[in-house]
Amino acid sequence: KHRLINCGAAMKDRLRPYRNIIAFWILGLLNNFLYVVMNAGAENINEAGIALVYLVNILPTLLVKLTGPYWFHHVSYRCRINLNSALMALCLVIVAWGQSTAVKL
């Protein structure tokens with residue numbers, strides 16, 4: 001019985017690098033998903049100002065990249081991932097069901 005536990009631990013240790021690669025790939029895919037969906041639907045969001053949709057899509061990322069080094073160490077990874085996930089879902093809901101262009105942007 002003790003040997004089976006050790007085999008499971010050894011298998012888990014061997015698969016750890018693959019688990020991390022797969023997890024980062026999925027997170028990167030989800031991160032790019034929202035960006036691509038917003039840019040693909042830019043004409044439906046605001047027909048007159050497609051460039052404005054691109055700009056509004058990039059500004060939050062730029063803000064986080066500029067200010068992140070000052071506050072990243074105060075917020076745990078788990079909290080950042082959970083907050084990012086909630087904000088991405090909220091963004092999709094607001095753009096899908098928003099009535100005015102200002103709300104969608």
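- For the side-chain contact (heavy atoms from CB on, under 4.5 Å) test, residues two or more places apart in sequence or in another chain that qualify with Ile94 are Leu90, Val103.
- Residues meeting the side-chain hydrogen bond (donor to acceptor under 3.5 Å, both in side chains) test with Trp25, sequence neighbours left out: none.
- In this structure, CG in Leu27 is found 7.5 Å from OG in Ser85, a value given to the nearest 0.5 Å.
- Under the 4.5 Å side-chain contact rule for hydrophobic residues, Tyr35 and Val95 do not share a cluster.
- Residue Val56 is not grouped with residue Ile50 when hydrophobic side chains (ILVMFWY) are merged at heavy-atom distances under 4.5 angstrom, including chains of intermediate members.
- Here the CG-OG1 distance, from Leu66 to Thr61, works out to 10.5 Å after rounding to the nearest 0.5 Å.
- Taking a 6.0 Å sphere around CZ of Phe33, one finds it holds 12 or fewer heavy atoms contributed by other residues, nucleotides or ligands.
- Of the possible donor and acceptor atoms, none in the side chain of Asn57 sits under 3.5 Å from a partner among the backbone N and O of Val53.
- Linking ILVMFWY side-chain heavy atoms closer than 4.5 Å, directly or via other members, places Leu34 and Leu52 in a single hydrophobic cluster.
- Going from atom CG of Leu87 over to atom CG of Asn82 covers 11.0 Å, rounded to the nearest 0.5 Å.
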